[in-house]
Amino acid sequence: MKISVDSPSKTIDLALTLSCGQVFRWLQYGHSWVGTLGNTLIKIRQRKGYLEVQPSNPILRSTISDYLRLDDDLESIISELSGDTFFRQVAYEVRGLRILRQDPWECLISYICSRNSRISMIRRVLNNMCRRFGEKVTLGQYTNYTFPGPEEILNAKPSELIGCGLRYGRRQAEEIKNAAELVHKGILDFNVLKKIPYPEAKIELTSLCRGVGSKVADCVLLFSLEKLEAFPIDVWVARAMVNLYHDYLDKRLVKRVRSNHRLSNADYERLSMFARDRFGRYAGYAQEYLYHWIRTKNC
DNA sequence: CCCCAGGCACATT
DNA sequence: AATGTGCATGGG
C-alpha cells in the first residue's frame, strides 16, 4: 500500500515522528519501521514522496493516515506557531515531526508507566507487558506483540505486572489495574473525553485515574484524545521554555528550573498558561518541537 | 557512592 | 496555596 505525502501540508519525517519519544514501541529495521496498530502488525518505510505500508492483515488506508495525523496541515500549523524568531528556528530544525493519533488505552497505560522514568526504561516495561499479556503477530521475518486490552490487564496478577519492570512496583501495578477496571466498566469513556473541551477532559482524567496527574493527563490528551492545545511539561520542556522565554517568565521559576528543582504544581500551571497563551490551539505541536529540539541540541 | 529520568499522592506549613 | 517528601528502577 502506498500513501502519498508529496505536498507541503502532508510533510512527514517518519523516523523522527516514530522515534521522538511520544510513542514507545516502534522498532527500526534498516529503513523500515515495525509496530502494531490494533491487532495488525505494520511495516512502514518512507520513500520519496510516499509511504510504503505492509500490514500483516488487510487494513484501511485511513487507519494509517489517521494514526499519522496526515489530516493535520503541518505547513499552516507551523506558520501559525512561528510567532517569534526563536521558535521559527526550532520549527525548522524539527520539520516533518508530527503528533501521532495513538490509541487512548495504550497511551494512558504507557504514560502511567512513564512517570519519573526514561524512554529506554519505558520501552522495556511496555514491551515486557506486551510479550507477557499481548498476542503475537508476525509478518514474514518480523514479530511483534499487540498491546494487551483492559480485560487482559484486569486478569493479570500484580506480581506479573511488577515483573515487567515497573518503576514504582506494586503501587503502579494497582494504578494500571485501576485504569483497566474504569475502562472495562465504562466509567472512563475515551469517546466522551474526545468530545468534551480540554479543561473538562483533564479534570475527568486526573480525578478518575490514580497515578494520572497534570503531566500524564496532558500527554494522553495530546497524543490520543484530540486536544492539540495540551502542553505536557517535563524537565526537558521546562528547560526549553526557560531557555527561550526567560524574559517573560517569573525570575524565581527560571532559577528553580535551571537549578534542576522538581517542577511544582504551581510552576507547572504557570508554564502551562504561558504556553497556551503564546502558542494557542496548537500548543501541543510547539511542545513536541521544543521537547525534541532541547534534547537533540544537548546530546 | 553519587546523580537523574516524559511525576504523583499526600503531609505539612 | 505553596512547598516538602516517599516512592524505590536502573543507567551513567
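Per chain, numbering begins at 1; letters A, B, ... match sequence-line order.
Between the P atom of B/dA5 and the CD1 atom of A/I233 lies a distance of 16 Å, rounded to the nearest Å. A/N116 has its CG atom 14 Å from the P atom of C/dG10, to the nearest Å. To the nearest angstrom, P of B/dG7 lies 11 Å from CH2 of A/W236. Across the protein-nucleic acid pair, A/D267 atom CG and B/dC8 atom P stand 14 Å apart, rounded to whole Å. Going from atom CG of A/L161 over to atom C1' of C/dT9 covers 16 Å, rounded to whole Å. Regarding A/Y111, its OH atom lies at a distance of 13 Å from the P atom of B/dC8, rounded to whole Å. When rounded to the nearest whole Å, the span between CG of A/N265 and C1' of B/dA9 equals 10 Å. Between A/L253 atom CG and C/dA2 atom C1' the separation is 13 Å, expressed in whole Å.
Nucleotides C/dG6 and B/dG6 are separated by 23 Å at their P atoms, to the nearest Å.
Taking 4.5 Å as the limit, every side-chain heavy atom of A/Y67 sits out of range of all side-chain heavy atoms of A/I44.
Residue-level contact check: A/E288 touches the bases, meaning some heavy atom is under 4.0 Å from a base atom. A/S120 comes within contact range of no nucleotide atom at all, as no heavy-atom separation falls under 4.0 Å. Counting any heavy atom pair closer than 4.0 Å across all strands shown, A/V237 reaches a base atom. Contacts of A/Y268 with the nucleic acid, taken as non-hydrogen atoms under 4.0 Å apart, are absent. Looking at heavy-atom distances under 4.0 Å, A/G21 makes contact with a base. Using a 4.0 Å heavy-atom criterion, one finds that A/L263 contacts no nucleic acid atom at all.
The residue among A/R210 and A/F223 whose nearest nucleotide of DNA chain B lies closer to the 5′ end is A/F223. Comparing A/Q287 and A/T206 by the nucleotide of DNA chain B whose heavy atom lies nearest to each, the residue mapping closer to the 5' end is A/Q287.
Against DNA chain C, the stretch residues 164-179 of chain A makes heavy-atom approaches under 4.0 Å through A/L166, A/R167, A/Y168, A/R171.
Counted within 6.0 Å of CG on A/N265, heavy atoms from surrounding residues, nucleotides or ligands total 12 or fewer; the atom is thus considered open. Other residues, nucleotides and ligands place more than 12 heavy atoms under 6.0 Å from the OH atom of A/Y29. Within a 6.0 Å sphere centred on CG of A/N39, heavy atoms belonging to other residues, nucleotides or ligands number 12 at most. Within 6.0 Å of the CD atom in A/E52, the count of heavy atoms belonging to other residues, nucleotides or ligands exceeds 12.
If you check B/dC8, B/dG6, C/dG11 against the side chain of A/R115, the one that comes closest is B/dC8. Relative to the side chain of A/R118, the nucleotides C/dA2, B/dG7, B/dA5 differ in distance, and B/dA5 lies closest. Between B/dC8, B/dA5, C/dT3, one nucleotide has an atom nearer to the side chain of A/R262 than all others, and that is B/dC8.
Checked against the 6.0 Å centroid criterion, the rings of A/F279 and A/F87 qualify as a close aromatic pair.
The side chain of A/R123 contributes no N or O atom lying less than 4.0 Å from OP1 or OP2 of C/dG11.
In plain terms, the two heavy atoms of A/R171 and A/R115 that are nearest each other are NH2-NH2, 3.6 Å. Smallest separation of non-hydrogen atoms from A/R98 and A/D72: NH1-O, 3.0 Å.
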